Amino acid sequence: DIQMTQSPSSLSASVGDRVTITCRASQSISSFLNWYQQKPGKAPKFLIYAAISVQFGVPPRFSGSGSGTDFTLTISNLQPEDFATYYCQQSNSFPRTFGQGTKVEFK
Amino acid sequence: QVQLVQSGPEVKKPGASVKVSCRASGYTFTNYGISWVRQAPGQGLEWMGWIRIDNANTDYAQKLQGRVTMTTDTSTSTAYMELRSLRSDDTAVYYCARLGYSHGDAFDHWGQGTQVTVSS
């Protein structure tokens, strides 16, 4: 199975900050990397697919980069509604696997 | 618009079975797959498996093999996930999610979640 490791596990930030979350795969997954946002008590929301493609309707302050084993989710100009937990997930092979999550908290 | 609507919360005793439904609307059901993902209290997301709707092929997580079955009813655009021999560590919110073939196989739409509680 491909292991997905996110860092950090949590971070504190303020409105307007630029936030970067890293996701590392235990082996190459090409660009088959997706990102989701989850708020407490809610289902995950799909943000980014194929490492860099932002889903329609997702604000442009969200961006993704990377390929192979190392990937990044960047939120520029953090907004109050962005405080949530973010998960990466690989769709290169089965079983599909998620990172453990990164909680973005208010500083 | 695409919607996945799941069945209501369940409380089960250890050893029992649970069957969760996921009714799809707003797209051609047979053109996509459905995955099931669960989340234990305070934990991350765990992929359980998926079913390809057009041919009913399935692939399950190794740890759930033998206890989980995923099926569909194409006449009602509904997917089902049955989990048997329930244990306390199966207590979780269970989500269905559409497999977005045009989105790198990401889970592009999610159900609202079904709370399953296993308790004696």
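Only a predicted model underlies this, so the values are computations on that prediction, with no experimental measurement involved. Chain identifiers are assigned alphabetically (A, B, ...) following the order of the sequence lines, protein sequences preceding nucleic acid strands; residue numbering begins at 1 within each chain.
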Checklist outcome for this item: Separation between CG (B:Leu99) and CD1 (B:Ile51), nearest 0.5 Å, reads 12.0 Å
Next on the checklist: Give the interface residues of residues 72-83 of chain B toward chain A, defined by a heavy-atom separation under 4.5 Å.
Outcome noted: none
Item to check | disulfide bond (SG atoms under 2.5 Å apart) contacts touching residues 35-107 of chain A (sequence neighbours left out) | outcome: A:Cys23-A:Cys88
Checklist outcome for this item: Applying a strict 4.5 Å limit to non-hydrogen atoms, the region of B:Val37 in contact with chain A is side chain
Checklist entry - In Å and rounded to the nearest 0.5 Å, what is the CZ to CG distance from A:Phe71 to A:Leu33? => result 4.5 Å
Next on the checklist: Please find the pair of heavy atoms, one from B:Ser85 and one from B:Ser17, that lie closest to each other, and give the distance.
Outcome noted: N-OG, 4.3 Å
Checklist entry - How long is the span from the OG1 atom in B:Thr71 to the CD1 atom in B:Ile34, to the nearest 0.5 Å? => result 12.0 Å
Only pairs under 3.5 Å, no angle test: what donor-acceptor pairs are there between chain B and chain A?
unit_1	atom_1	unit_2	atom_2	d
B:Gln39	OE1	A:Gln38	NE2	2.8
B:Gln39	NE2	A:Gln38	OE1	2.9
B:Gln39	NE2	A:Tyr87	OH	3.4
B:Tyr95	OH	A:Gln38	NE2	3.4
B:Tyr95	OH	A:Lys42	O	3.2
B:His103	NE2	A:Gln55	OE1	3.4
B:Gly104	O	A:Ser91	OG	2.7
B:Asp105	OD2	A:Arg96	NH2	3.1
B:Phe107	N	A:Tyr36	OH	2.8

Checklist entry - How would you list all residue pairs meeting disulfide bond (SG atoms under 2.5 Å apart) that involve residues 4-113 of chain B, not counting sequence neighbours? => result B:Cys22-B:Cys96
Next on the checklist: To the closest 0.5 Å, what do you measure between CZ (A:Phe32) and CD1 (A:Ile2)?
Outcome noted: 10.5 Å
Checklist entry - Between A:Leu78 and A:Val15, is a side-chain contact (heavy atoms from CB on, under 4.5 Å) present by the stated rule, with each step listed? => result CA-CA 5 Å; A:Leu78 194 71; A:Val15 172; 5.8 Å; no
Checklist entry - Under 4.0 Å between a Lys/Arg side-chain N and an Asp/Glu carboxylate O for B:Arg67 and B:Asp90? => result yes
Checklist entry - Is it true that atom CD1 of A:Ile52 has more than 12 heavy atoms of other residues, nucleotides or ligands lying nearer than 6.0 Å? => result no
Item to check | Top contributor to chain B contacts, counting heavy-atom pairs under 4.5 Å, from A:Ala43, A:Pro95, A:Pro44 | outcome: A:Pro44
Next on the checklist: Let's test your reading of the structure: which of B:Gly111, B:Gly113, B:Ala106 forms the most heavy-atom pairs below 4.5 Å with chain A?
Outcome noted: B:Ala106
Checklist entry - Counting distance only, does the side-chain N/O of B:Arg87 pair as donor-acceptor with the main-chain N or O of B:Val118 below 3.5 Å? => result no
